[in-house]
Each structure stands twice: as structure tokens, then as C-alpha cells.
Amino acid sequence: MAKKEDKEKNMGKTVQGKSQVREWVESIAIALILALFVRTFVVQAFKIPSGSMEPTLLIGDHLLVNKFLYGTKIPFTEIKVLPIREPERGDVVVFVYPVDPSKDFIKRAIGLPGDKVEVRNKKVYVNDTAIPDPYAHFADDMILLRGNDPRDNFGPVTVPPDSLFVMGDNRDRSYDSRFWGFVRKSEIKGKAFILYWSWDSNRFLPRLLRIGNLIY
């Protein structure tokens, strides 16, 4: 009789152990699915590797990107659904680099579909009007002549439908639409909106005052 009771107890322990393992596996699977859903459709983290957006964004800044503002992209397609609004001039956007789709770039939207964009002696004109450009930063006082380099004198060009003309805030140190063309809106991953971490690799210190800053 005692042996039968011991056997039943051991079987109960085995069933309970299997049940706990199953619960752990299910919990981990649900967590992974939720994380994948959030990363795909809601927000995604990115790190700034270059100085093309200085001083707005610094090398070592880590930021979050709103992926649903311009519409959620259906995986493995270029279709976006349920957009809240279209990209606007001044938005800081993350997108697939047109020249090398394995890389992501971050720049500021300057020209919208149908806009005529021109750069004259470092000043940006949209539809023949100089635009307010409070985030532009210039590290070089020299102005490159038209024809030698598109950095300081460029265009005019007209932005195609469903595309953007983008530029880095660090205008003299940015490789952007002046050099490689337009960004298709279907390739935009989202709008950068907040810094959640920043690391100064030269000083080996965190930039604590930047953490939590909104990106404009």
C-alpha cells in the first residue's frame, strides 16, 4: 500500500514539474511574441553612429522611434496601414538607406512630395522661399561653388510623389539627399521621438542630462 502511495506522489510531482516547465515555456514565448510585435509595429530602438545630425543628436545617443505614426508597415511588403499623419517638414525620420538597404539612416525631412528644393550658399529654399532652419549647424565657413560639390549649392529639384528630401542638421558633415537623392515614404521606419540613453565614448561616461530628452 505504501509503495502505491509513493508511486502516486511521484507521478503527481512529475505532472506538477511538467506543468511548471510548460508555464515557463508559454510565458517566455508570449514575452517574445509581444517584444517582436512592439518592435515591428510600435517602437524600435536605434543608436546614432555618426555626427551627421549634430548637435541635435550626438554619436552614442540611443533613441526610440515611433513606428506607427506614419502607418504600420505590413511585414515583407511596402504597404502601410492606419497612418495617423503624413511626414511633415522638420520631422526627424529613420529610414532604409536607399544606396544600401542593409543600413538605416536618420535625417530631417526638408522637402515633401511636390516641393521644389534648392540650396543656395548653404541656405535652403523650398518653393523659392527660404525656410526657417533653426536646427541647421555649419562647421565650415567655406562655401563650395555650384558644380564642384552639391553641399552648399544644389538644385533646384522637385520631390517626386510619395518621397521626401532629407538633410542632416550638421549640414557640412552630412551625406544626405543632396548626394544620393530622395527617400521613398514606404522606406521610412518612423519618427524619432525620445532619447533613452547616451554614452560619450571619448570620456567613457554617460550623458545623463540627455536621457529622456524629446527629439525635435
Considering all heavy atoms, the nearest Arg146-Gly155 contact: NH1-O, 2.8 Å
Phe105 reachable from Leu58 in the ILVMFWY side-chain graph, under 4.5 Å edges: no
Non-hydrogen side-chain atoms of Lys191 and Lys67 separated by less than 4.5 Å: no
Heavy atoms from other residues, nucleotides or ligands near CG of Leu205 exceed 12 (cutoff 6.0 Å): yes
Closest heavy-atom pair and its distance - Leu164, Ala109: CD1-CB, 4.3 Å
Linked, directly or transitively: Val99 and Val96 (ILVMFWY side chains, under 4.5 Å): no
Exercise: do Thr129 and Asn127 side chains pair donor with acceptor under 3.5 Å: no
Lys47 atom NZ, over 12 foreign heavy atoms within 6.0 Å: no
Test item: Tyr135 and Arg108 side chains (from C-beta on) under 4.5 Å apart, heavy atoms: yes
Rounded distance (nearest 0.5 Å) linking atom CG of Leu144 with atom CG of Asp152: 4.5 Å
Salt-bridge criterion met for Arg171 and Asp133 (N-O under 4.0 Å): yes
Close side-chain approach of Pro87 to Ile188, heavy-atom, < 4.5 Å: yes
Backbone N/O of Asn202 and side chain of Asp200: donor-acceptor pair under 3.5 Å: yes
Pair Ser52, Asn170: side-chain N/O donor-acceptor within cut-off below 3.5 Å: no
Atom CZ of Arg203 with >12 non-hydrogen neighbours under 6.0 angstrom: no
Residues Trp197, Ile211; criterion side-chain contact (heavy atoms from CB on, under 4.5 Å); working and verdict: CA-CA 5 Å; Trp197 179 249; Ile211 298 174; 3.5 Å; yes
Carboxylate-amine/guanidinium contact Asp140 Arg151, below 4.0 Å: yes
Shared hydrophobic cluster, Met142 / Leu145 (ILVMFWY, side-chain heavy atoms < 4.5 Å): no
Atom of Pro161, atom of Pro113 and distance for their closest heavy-atom approach: CA-CB, 4.2 Å
Note, Ile215 side chain near Phe193 side chain (heavy atom, < 4.5 Å): no
Residue pair Trp199 / Asp61, side-chain heavy-atom distance below 4.5 Å: no
Sidechain N-carboxylate O distance under 4.0 Å for Glu54, Arg173: no
Ser198 side, atom OG; Arg207 side, atom CZ - distance, nearest 0.5 Å: 4.0 Å
Check against side-chain contact (heavy atoms from CB on, under 4.5 Å), Glu86 and Tyr70: CA-CA 6 Å; Glu86 292 293 312; Tyr70 304 140; 6.0 Å; no
Test side-chain contact (heavy atoms from CB on, under 4.5 Å) applied to His137 and Asp169, step by step: CA-CA 6 Å; His137 172 73; Asp169 288 353; 5.5 Å; no
Backbone N/O of Tyr175 and side chain of Arg178: donor-acceptor pair under 3.5 Å: no
Asp100, CG: over 12 other non-hydrogen atoms inside 6.0 angstrom: yes
Distance in Å, Ser177 OG paired with Lys107 NZ, rounded so as to fall on 0.5 Å steps: 9.0 Å
Close aromatic pair by centroid cut-off 6.0 Å: Tyr97 and Trp180: yes
ILVMFWY network linking Tyr216 to Leu209, side-chain heavy atoms under 4.5 angstrom: no
Contacts of type side-chain contact (heavy atoms from CB on, under 4.5 Å), residue Ser186, not counting sequence neighbours: Glu78, Arg184
Distance-minimising heavy-atom pair for Ile143 and Lys122: CG1-CE, 3.9 Å
Co-members of the apolar cluster containing Ile59 [side chain, <4.5 Å]: none
Test item: Ile106 and Ile48 side chains (from C-beta on) under 4.5 Å apart, heavy atoms: yes
Step-by-step side-chain contact (heavy atoms from CB on, under 4.5 Å) determination, Lys189 to Phe46: CA-CA 11 Å; Lys189 293 196 169 183; Phe46 290 89; 4.0 Å; yes
Geometric cation-pi criterion Arg120 and Tyr125, 6.0 Å radius, 45° cone: yes
Within-4.5 Å side-chain heavy-atom neighbours: Val92 and Leu63: no
Under 3.5 Å donor-acceptor, Asp176 side chain and Gly168 backbone: yes
Glu187 side chain near Pro98 side chain, heavy-atom distance below 4.5 Å: no
Other ILVMFWY residues reachable from Phe154 by side-chain steps of under 4.5 Å: Ile110, Val117, Val119, Val124, Val126, Ile131, Val157, Val159, Phe165, Met167, Phe182
